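Notes for the one structure printed next.
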Amino acid sequence: MTTQTTNIKPTRRFNFRNITRHPSLIEYRRLAAVVAIVNLWVFVQGITGGVWQSASGFHTAAIAQVALLNFTLAILIRQQRVVNLLFWLATRIPTSWPLWIRWGAGKVFHFGGLHSGGAVAGSIWFAFLLFALVSNALNGTGGASLQTLWLTGIMVGLMTLMILSAIGPIRQKFHNRFEHIHRFAGWSLLGLFWLHNASMLRDAGQPMTEGLAFWLLCVLTLSIVSPWLTLKKVPIEVEKPSNHAVVVRFNYGDTPFAGSSNALSLSPLREWHSFANIPTPGEAGYRLVISRAGDWTGRFIDTPPSHVWVKGITTSGVARIEVLFKKVVYVGTGSGIGPILPHLLAHEVPNKLIWSTRSPRKTYGDALVDEIESNTHDPLIWDTDARGKPNLSALALEAVRQSGAEAVIVISNQKLTQQVIYDMEREGIPAFGAIWDS
């Protein structure tokens, strides 16, 4: 176990990457901006081409269809099978390709920008639809029923509630309520979409299965329902090396791949929490590490359950992109070692590990620490209780320079993750970590 300190620091000189790699301009937000720009272009083209309005009033069917297309993008891009497909496509790029291409492909996990962009754009289009329906009714040019008007208004209200609850500071402060609003308002909207589409078709005197909207709603319904069709309650074994963390073992017939995660719950309709899976090559089942980081994890550690609920399929996570690079530096803090450990065990990509945590053996147990040390060359395990908090950016930069690694993968809290990624990328080093978009 390496114990040296370092005085190397990331350079602070100004360069263009100081701007382009800033956290406020991450790929997530760029994708959301692209969705906004495309929708604005469609709106402008529709105005100049008379798509949205003519002398006979607003063309509400066209507006509703564009709104539903945006919601389809928002929902499908988060579907677990679509997520896995995106990661599979991104990681097909060989390491012989130029680094800048692999750097860009490694940002595949920013797909959430399409989700938020599509959801907001779809909500704006639906508000426009409400305006168009009311305008047509007031001008005597529309055939919308009172039911269609009421359904549209209720749906716009639910969409507004979901968007407000998803705003970063609100979502972080009231995460459980955000999750409840997102789930129950989302389910309600799915049902209302079916009623709304049927109501609009009835107003127009068309069959209930007419048009693109019907098939889009079929796809969306299957996408939303499918993870719940796999809901099951499974037994677990809990090892408790300390009051700060537990190691949970699963063996119910599922052996996930390295770089994946599963969602767990003690109450399926209330809250779900995702954790990185730790499969061991040649062994059935998997483990995961849960550390004390809130009410739910605290209760789990203090009174470990005998069973938990799981749903959906094993889903790719950020560290899955390691195969795009010839060698990587892993930077983890605390229970961030959980998402890193399966990659150490897989030995698929050469790596250098930096793990900063409080009293590692006391907190996580000798067995876990020994397993880490035996599966990676000369890891730097930094005991913050004994040595204080390190400069992780400096340690990561030194590790890259000494090891010749091509990229840095960070598994830590939001503030540290963003800081290390920014420090690395303005040095021209690809860096990746969670973006807390859910």
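Model, not experiment: these values are computed from the prediction.
Between the side chain of N84 and the main chain of T314, a donor-acceptor pair closer than 3.5 Å is present. The backbone N or O of D295 lies less than 3.5 Å from no partner atom in the side chain of T297, so there is not a single donor-acceptor pair. Checking side-chain atoms of N351 against main-chain N and O of V349 turns up a donor-acceptor pair under 3.5 Å. Here the side chain of T384 pairs a donor or acceptor atom with the backbone of R358 at under 3.5 angstrom. Checked by atom type and distance alone, the side chain of E425 pairs as donor or acceptor with a backbone atom of A431 at under 3.5 Å. Side chain of W382 to backbone of G388: a donor-acceptor contact under 3.5 angstrom is found. Within the 3.5 Å criterion, the main-chain N or O of G57 finds no donor-acceptor partner in the side chain of N136. For the pair K240 (side chain) and I301 (backbone), a donor-acceptor distance under 3.5 Å is present. Judged purely by atom type and a 3.5 angstrom limit, R78 has no side-chain atom pairing as donor or acceptor with the backbone of A74. For the pair H115 (side chain) and I77 (backbone), a donor-acceptor distance under 3.5 Å is absent.
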Problem set entry | Audit row: T60, T148, side chain to side chain contact (heavy atoms under 4.5 Å, CB included) steps and yes/no | CA-CA 11 Å; T60 54; T148 300; over 6 Å; no

Problem set entry | Steps toward side chain to side chain donor-acceptor pair (under 3.5 Å) verdict (S135, Q53) | CA-CA 11 Å; S135 178; Q53 188 180 20; 5.6 Å; no

For this session: I would like to know whether Y252 and K232 meet side chain to side chain contact (heavy atoms under 4.5 Å, CB included); could you show each step before the answer?
Result: CA-CA 10 Å; Y252 56 91; K232 52 183 172 288; 3.5 Å; yes

Problem set entry | Full working for side chain to side chain contact (heavy atoms under 4.5 Å, CB included) between S267 and W309 | CA-CA 8 Å; S267 179; W309 292 90; over 6 Å; no

For this session: Evaluate the criterion side chain to side chain donor-acceptor pair (under 3.5 Å) for residue pair H244 and S242; output intermediate values, then yes/no.
Result: CA-CA 5 Å; H244 178 73; S242 72; over 6 Å; no

Problem set entry | Audit row: F214, W194, side chain to side chain contact (heavy atoms under 4.5 Å, CB included) steps and yes/no | CA-CA 8 Å; F214 172 79; W194 278 104; 3.7 Å; yes

For this session: Output, in order, the C-alpha distance, side-chain angles, deciding distance and verdict of ring pair (Phe, Tyr, Trp, His ring centres under 6.0 Å) for F178 and H175.
Result: CA-CA 5 Å; F178 152 75; H175 190 272; 5.6 Å; yes

For this session: Check the pair R287, E239 against salt bridge (Lys or Arg N to Asp or Glu O under 4.0 Å), reporting the backbone distance first and the verdict last.
Result: CA-CA 10 Å; R287 296 167 289 167; E239 300 173 7; over 6 Å; no

For this session: Decide salt bridge (Lys or Arg N to Asp or Glu O under 4.0 Å) for E322 and K327; before the verdict, give the C-alpha distance in whole Å, the side-chain angles of both, and the deciding distance to 0.1 Å.
Result: CA-CA 8 Å; E322 67 161 7; K327 188 172 187 177; over 6 Å; no

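Outside the 6.0 Å centre-distance limit, the rings of Y286 and F275 are not counted as a close aromatic pair.
Side-chain contact between I224 and W187: present, with at least one pair of heavy atoms (C-beta onward) separated by less than 4.5 Å. V134 places a side-chain heavy atom less than 4.5 Å from the side chain of L130. Between I411 and T333 there is no side-chain heavy-atom pair separated by less than 4.5 Å. The shortest distance between side-chain heavy atoms of L397 and D423 does not fall below 4.5 Å. Taking the side chain as every heavy atom from C-beta outward, I321 and F87 approach each other to under 4.5 Å. Using a 4.5 Å heavy-atom threshold, the side chains of I154 and L192 count as touching. For the pair S412 and V420, the minimum side-chain heavy-atom distance is 4.5 Å or more. Counting heavy atoms from C-beta outward, V329 and I429 have side chains that stay 4.5 Å or more apart.
Heavy atoms of other residues, nucleotides or ligands lying less than 6.0 angstrom from NZ of K389 number 12 at most. Atom CH2 of W228 is surrounded by more than 12 heavy atoms from other residues, nucleotides or ligands within 6.0 Å. Within 6.0 Å of CD on E237 lie no more than 12 heavy atoms contributed by other residues, nucleotides or ligands.
Rounded to the nearest 0.5 Å, atoms CH2 (W296) and CG (L264) are 5.5 Å apart. With values rounded to the nearest 0.5 angstrom, R171 atom CZ is found 9.0 Å from S165 atom OG. Remark: L189 CG to H196 NE2 distance equals 11.0 Å, nearest 0.5 Å. With rounding to the nearest 0.5 angstrom, the OG1 atom of T95 is 11.0 Å from the CD1 atom of I93. We find the CZ-CD1 distance between F111 and I435 to be 7.5 Å, quoted to the nearest 0.5 Å. Between the CZ atom in R426 and the OG atom in S393 there is a gap of 8.5 Å [rounded to 0.5 Å].
Under the 30°/60° scheme for interplanar angles, the aromatic rings of W125 and F43 are found to stand perpendicular. The aromatic rings of Y364 and W355 sit tilted relative to each other, their planes meeting at an angle between 30° and 60°.
Counting all heavy atoms, side chain and backbone alike, P23 lies closest to R29 at O-NH1, 3.8 Å. Nearest approach of V410 to V408, heavy atoms of both residues: CG2-CG1, 3.9 Å. Nearest heavy atoms, V308 versus F300: CG1-CE1, 3.9 Å. Residue V35 comes nearest to G118 through the heavy atom pair CG1-N, 3.8 Å, listed as atom of the first residue, atom of the second, then distance. Nearest heavy atoms, A90 versus A105: CB-O, 3.7 Å. S145 approaches D203 most closely through the heavy-atom pair N-OD2, 3.0 Å.
Remark: the S335 side chain and the S291 side chain contain an N/O donor-acceptor pair separated by less than 3.5 Å.
The ring pair (Phe, Tyr, Trp, His ring centres under 6.0 Å) test with F325 is passed by exactly one of W97, F432, Y330: F432. Paired with E271 under the rule salt bridge (charged side-chain N to carboxylate O under 4.0 Å, His left out), one option of R177, R299, R183 passes, and it is R299.
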